[in-house]
Colleague: 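To start, I am sharing the structure in question, which I have written as structure tokens.
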Amino acid sequence: MTAESVPIAMSDPVTVLNEVYGYPSFRGSQADIIDAAVAGRDCLVLMPTGGGKSLCYQIPSLVRPGVGLVVSPLIALMKDQVAALKQLGIAAAYLNSTLDAAEQRLVLEQLHQGELKLLYVAPERLLKPGTLDRLSQLEIALIAIDEAHCVSQWGHDFRPDYLSLNQLAERFPGVPRMALTATADGPTREEMVQRLALHQPASFISPFDRPNIRYSVQPKSDGRRQLSRFLEGHRNESGIVYCLSRKSVDATARWLNTHGFNALPYHAGLSTSERNSNQERFLREDDLVIVATIAFGMGIDKPDVRFVAHLDLPRSIEAYYQETGRAGRDGEPADAWMIYGLQDVVRLRLMLEESDAGEAKKRVERAKLDALLGWCEVTDCRRRSLLAYFDDDYPGDCGNCDTCLSPPKQWDATVAAQKLLSCIYRTGQRFGAVHVIDVLRGSENTKVQQNGHHRLSTYGIGKELAAGQWRSVVRQLIVQGFIRVDPERYNALALTPDSRALLRGETQVTLRQDTVPESRAPSRRKTSTSARQQGPLWEALRDCRRRLAEQSGVPPYVVFHDATLSAMAEHRPVTAEELLEISGVGQKKLERYGEVFMDVIRQHVQASAPDPDRTV
Ligand code: ADP
Ligand code: ZN
């Protein structure tokens, strides 16, 4: 836990950005936020995951005199955050319950000696009278309150300790405080300002979009085969696969292992030690797939998660956005991929109706589910409608979602819908989708015979569509409110007030043509990044990074991020000057790792010469 001195004159933010972090320029509103904090203003910062919040408080802490305090509830992450700072040559430490007495003493000593530039601290630890007394004797550069939405008593992540953070205003007058979060609606923003007693804060609200995440949703046909096709585009990469049940988590993880993927399960049924060890491995390894229930994810700050796959629908768009937000924090291309089908729609509707929540709550939940299902079926830019749900305008089409990349065909399904609805009606609104479709397609099975349904006028009138196509029609009509699933009658399909208008020919329906499962989803990128992240040099650089990370006991991304490695693979720097040009290579990392990586590149260049790409 030794602190290392900061080698560079920490005069201005841009110099720090270039020389310490090795980044060429600020992103989004980072520069303005940093200027406000350096000038001593309180700040409210809302930025999506991966937007680059850490620099917003780290750089002012380095530039201002004194130590920067970072309050965070995510104790598990502090160790790696501090390790990453030390790699940059920044004197940093953390104080939380995972340190033993001797380690704590050492940190406090460094603090009093003025040797630290950044101190991460858990709120409960900070609020101890002893800690506050100590800290108020020192020069404090800035106080950052991360995950600031935890003050909201109405939110999912409420932490009672956060309410007491308002006393920091009085204890540290004149010290700028910065509240940061990735998730906060209007009322929660107000709450953060009030409860943390921020003084006329400068507000920075960034757009919610995650441009590097590619969204795609496919109708579910054969879940495993679809997953394995999707994963072919992500061999040897880190990712998360979400399933609803523990059983399917275990089965999917086993299945992935037999298909050559490095996969581990994670759910509440595993022992604590097994869960911790699987999570730890996920953080440390750069090619591990974790298969998990939603129990996994809070506090996962791994930047190089290349995909998040949902084999089952999450419970709302909010949950979906949070879960998929764990992909691509490093800004490199990442996939959010989901499959869903008629079964999911029926199951979620039933779960909702059968829950013992009050009617008011059910109404809210129903609206959320409708929004999610409706979003799954959209035919125009998926990103735009996702952001619209959060009241964020996205102009035009994004070009990086499934509906933009291969626009779904639509068809006038009015006649098909009428056939389906009348068949539901004629069979007495007592049967599920399978039977209704059998009747429509003129099946001769016993259930049809026994019920005398082969004598109905709707028997066999739907042979023009395959069973799978009918399921797609049923699913979409449920989502659009033309069919209801009746929980009192074992999932029977039933008519709704809207369906009568459709039957009378007063309404038209347009449906999405489900893509045939055989056609490949646009998961493999054709962008330059994918080209860079392939091939022997990329693999050699990754091996080198893995080796160095193991030696230093840090996760690979702490050595260099994927983006930095890709840039090396593309530009093949072989001198210190060239290497410093690469984003993510600062002074310290050049000293520490420069030669090793340049050796790998030199060997590669020699081995592959003559290389037409590099001839002058
Ligand atoms: P957040 O906390 O908002 O989720 P981070 O602070 O972890 O995001 O930043 C996400 C990633 O982006 C990190 O890998 C970080 O090093 C990188 N990053 C942040 N700012 C810049 C920048 N100006 N230029 C290049 N990379 C950046
Ligand atoms: Zn789009």
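Atoms within each ligand, like the ligands themselves, are counted from 1 in listed order. Hydrogens, waters and symmetry mates play no part in the numbers below; they use all other heavy atoms, side chains included. Residue numbers count from 1 along this sequence.
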Colleague: For atom 9 (O) of ligand 1, what is the nearest protein heavy atom, given as residue, atom name and distance?
Modeller: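 Heavy-atom neighbour on the protein nearest atom 9 (O) of ligand 1: Gly52 CA, 3.4 Å.
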Colleague: Looking only at atom types and distance, does a side-chain atom of Lys220 sit under 3.5 Å from a main-chain N or O of Leu311, one as donor and one as acceptor?
Modeller: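 It does hold such a pair.
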Colleague: So which heavy atom in the protein is nearest atom 7 (O) of ligand 1, and how far is it from that ligand atom?
Modeller: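 Protein heavy atom at minimum distance: Ser54 OG, 3.6 Å.
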Colleague: Could you work out, for atom 16 (O) of ligand 1, the closest of Tyr21, Tyr23, Phe26 by heavy-atom distance?
Modeller: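 Among Tyr21, Tyr23, Phe26, the closest heavy atom to atom 16 (O) of ligand 1 belongs to Tyr23.
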Colleague: How open is the angle at the Zn ion (ligand 2) from atom SG of Cys404 over to atom SG of Cys401, rounded to 10 degrees?
Modeller: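 Taking the Zn ion (ligand 2) as the apex, I get 100° for this pair.
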Colleague: For Ser25, is the nearest heavy atom under 4.0 Å from an atom of ligand 1?
Modeller: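 Ser25: in contact with ligand 1 (<4.0 Å).
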Colleague: Of the options Asp562, Asp287, Asp335, which is the one that meets Arg306 in a salt bridge (Lys or Arg N to Asp or Glu O under 4.0 Å)?
Modeller: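 Among the candidates, only Asp562 passes.
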Colleague: On the 0 to 90° scale, with breaks at 30° and 60°, tag the Tyr557-His561 ring pair as parallel, tilted or perpendicular.
Modeller: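 Judged by the thresholds at 30° and 60°, the geometry between Tyr557 and His561 is tilted.
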Colleague: Would you sort out whether Leu548 and Phe560 count as a side-chain contact (heavy atoms from CB on, under 4.5 Å), showing the intermediate values?
Modeller: CA-CA 10 Å; Leu548 293 169; Phe560 282 127; over 6 Å; no
Colleague: Please write down residue, atom name and distance for the protein heavy atom closest to atom 10 (C) of ligand 1.
Modeller: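 Going atom by atom, the protein heavy atom closest to atom 10 (C) of ligand 1 ends up being Arg329 O, 3.2 Å.
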Colleague: Tell me if the aromatic rings of Phe307 and Phe230 count as close, with their centers under 6.0 Å from one another.
Modeller: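 Between Phe307 and Phe230, the centre distance is under 6.0 Å.
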Colleague: So, regarding Arg27 and ligand 1 (criterion: nitrogen or oxygen to nitrogen or oxygen, under 3.5 Å), is there a contact or not?
Modeller: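 Yes, Arg27 has an N/O under 3.5 Å of an N/O on ligand 1.
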Colleague: So, does Gly51 sit close enough to ligand 1 that a heavy atom of it is under 4.0 Å from the ligand?
Modeller: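 Contact present.
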Colleague: Of the options Leu386, Asp397, Leu387, Asp402, which is the one that meets Cys381 in a side-chain contact (heavy atoms from CB on, under 4.5 Å)?
Modeller: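 Considering Leu386, Asp397, Leu387, Asp402, a side-chain contact (heavy atoms from CB on, under 4.5 Å) with Cys381 is found only for Asp397.
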Colleague: What do you reckon, does Pro303 put a non-hydrogen atom under 4.0 Å from ligand 1?
Modeller: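 So Pro303 does not count as touching ligand 1.
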Colleague: What do we get for Pro48 next to ligand 1 when only non-hydrogen atoms under 4.0 Å count, side chain, backbone, both or neither?
Modeller: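 Just the backbone.
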Colleague: Checking a contact table here: which protein heavy atom is nearest atom 14 (O) of ligand 1, and how many Å away?
Modeller: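 Nearest protein contact, heavy atoms only, for atom 14 (O) of ligand 1 is His561 CE1, 2.3 Å.
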Colleague: Among Lys86, Lys302, Arg284, find the one that has a salt bridge (Lys or Arg N to Asp or Glu O under 4.0 Å) with Asp80.
Modeller: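 Filter result, single survivor: Arg284.
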Colleague: Could you find the nearest protein heavy atom to atom 20 (N) of ligand 1 and give me its residue, atom name and distance?
Modeller: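 Checked against all protein heavy atoms, atom 20 (N) of ligand 1 sits closest to Gln30 NE2, 2.9 Å.
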Colleague: Which part of Pro24 is near ligand 1, with near meaning a heavy atom under 4.0 Å away: side chain, backbone, both or neither?
Modeller: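 Under 4.0 Å from ligand 1, Pro24 contributes no heavy atoms.
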Colleague: Tell me yes or no: between the side chains of Ser472 and Gln476, is some donor less than 3.5 Å from an acceptor?
Modeller: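 Note: Ser472 and Gln476 side chains meet the donor-acceptor criterion.
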Colleague: Would you say Arg195 and Tyr162 are linked by a side-chain donor-acceptor pair, where the criterion is simply a distance under 3.5 Å?
Modeller: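 Judged by distance alone, the side chains do not pair up.
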